[in-house]
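Excluded from the calculations below are hydrogen atoms, water molecules and symmetry mates; all remaining heavy atoms, backbone and side chain alike, are included. Indexing begins at 1, ligand by ligand and atom by atom, following the structure's order.
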Amino acid sequence: MALSEFNLIERFFVRDNPQRKDVVLGIGDDCALLNVPEGQSLAVSMDTLVEGVHFLHETAAADVAAKAMAVNLSDLAAMGAEPAWITLSLSIPKIDLGWLQAFSDSLHELLVHYGLQVVGGDTTRGPLSITMQVHGFVPENVALRRSGAEAGDVVCVTGTLGDASLGLQVAEHQLAAHGEYRDSLLDKFYRPQAKVAAGIALRSRATAAIDISDGLVADLGHICKASQVGAVISAEKLPISEAAKKVTNPDRVLECALTGGEDYELCFTIKEDDVSKVRSALETVGVACYEIGRVTGKSDVRVFKDGEQITLTKSGFDHFAAA
Ligand code: ADP
Ligand code: MG
């Protein structure tokens, strides 16, 4: 796509791109030149979304852009990093101007919202796939890692769980939902909101953190593994949305809350003495803090309901196991 690629980049990714002061040189040369502020670590994360694997064929271009941003920003949020720059690799089957316009308009809206600049990328012809890399800053030594949880810490999440998974089931016609409940579940699935401000508010406060992309049990399991601890969760304490309660039975909702992916809420651990401090820090950025369990000395994630341990049929979504 040698000739038209340049025009395409110019038209959809250079124009209107916000300009940051720390970008010495953005799109257009062989590399971008970027300045990392003194005393900060560069936090970098990349995610690929492949049509038919990570998003449904019928997904609107605007939603694809929003999801690519959300999954990337969510990783930065989970580290307590502040996003700054994006690089974007697009593989597209053909030059569909309408699709590209909708994709870049949606992207642009989010760039402006978060104060981000696209500083480079690559464009190729191939099956529809979007690889985005996000770069952000976090002051040295305050990044939230998966590895700091200790027995006795409180396990918290930032929002309701299971909605995105139920939204996917609605989108795939496996679950019936109507009116505002349908809209809100679909919105959670198509337009997840990365908890960027919450991640920053948790700096130096959370002992460990992760974003929930594969399901609570699987992702909390990653914290436990990295921290060499275990956790117990109380099913009764899991935050469940009104919409989730209304569209299906409690068992299905619980299963989605425990194992459904793509909610992009943060799961984090804190010292018991810090609960009220953390709760008000999150409140100032408009994010809730739900206590759902405890870190233990054992090495697995166990779920209790009505005082009894329940066993899970699957613990989240595993790409390779599913193949
Ligand atoms: P090269 O051949 O050196 O890889 P390209 O022609 O692929 O250069 O890209 C030219 C410029 O446009 C580079 O600065 C590159 O980072 C940028 N670029 C290419 N594709 C995209 C894209 N999809 N989004 C943003 N920037 C892009
Ligand atoms: Mg290139």
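When each atom of ligand 1 is checked for a heavy atom of Asp30 under 4.0 Å away, the hits are 3 (O). Proximity to Val118 (heavy-atom distance under 4.0 Å) selects the following atoms of ligand 1: 25 (C). The distance from ligand 1 to the heavy atoms of Gly28 drops below 4.0 Å at these ligand atoms: 11 (C), 13 (C), 14 (O). Taking every non-hydrogen atom of Gly120 and a distance limit under 4.0 Å, the qualifying atoms of ligand 1 come out as 16 (O), 25 (C), 26 (N), 27 (C). Those atoms of ligand 1 with a heavy atom of Ile27 less than 4.0 angstrom away are 12 (O), 14 (O), 17 (C), 25 (C), 26 (N).
Ser147 approaches Ala226 most closely through the heavy-atom pair CB-O, 3.5 Å.
Remark: ligand 1 and Val119 share no N or O pair separated by less than 3.5 Å (distance only, no angle test).
Under 4.0 angstrom from ligand 1, the non-hydrogen atoms of Asp29 all belong to its backbone. Counting heavy atoms under 4.0 Å from ligand 1, residue Ile9 touches it through the side chain alone.
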Can you list the steps and then say if Lys188 with Ser241 is a side-chain hydrogen bond (donor to acceptor under 3.5 Å, both in side chains)?
CA-CA 11 Å; Lys188 280 287 195 97; Ser241 71; over 6 Å; no
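Remark: Lys67 qualifies as a cation-pi partner of Phe189 under the 6.0 Å distance and 45° angle criteria applied to the six-membered ring.
Salt-bridge annotation for Asp300 and Lys298: absent, with no side-chain N of the basic residue lying under 4.0 Å from a carboxylate O of the acidic one.
Note: His135 and Trp85 have tilted aromatic rings, judged against thresholds of 30 and 60 degrees for the angle between ring planes.
By the 4.5 Å side-chain criterion applied to Ile, Leu, Val, Met, Phe, Trp and Tyr, Val142 is assigned to a cluster that also includes Val138.
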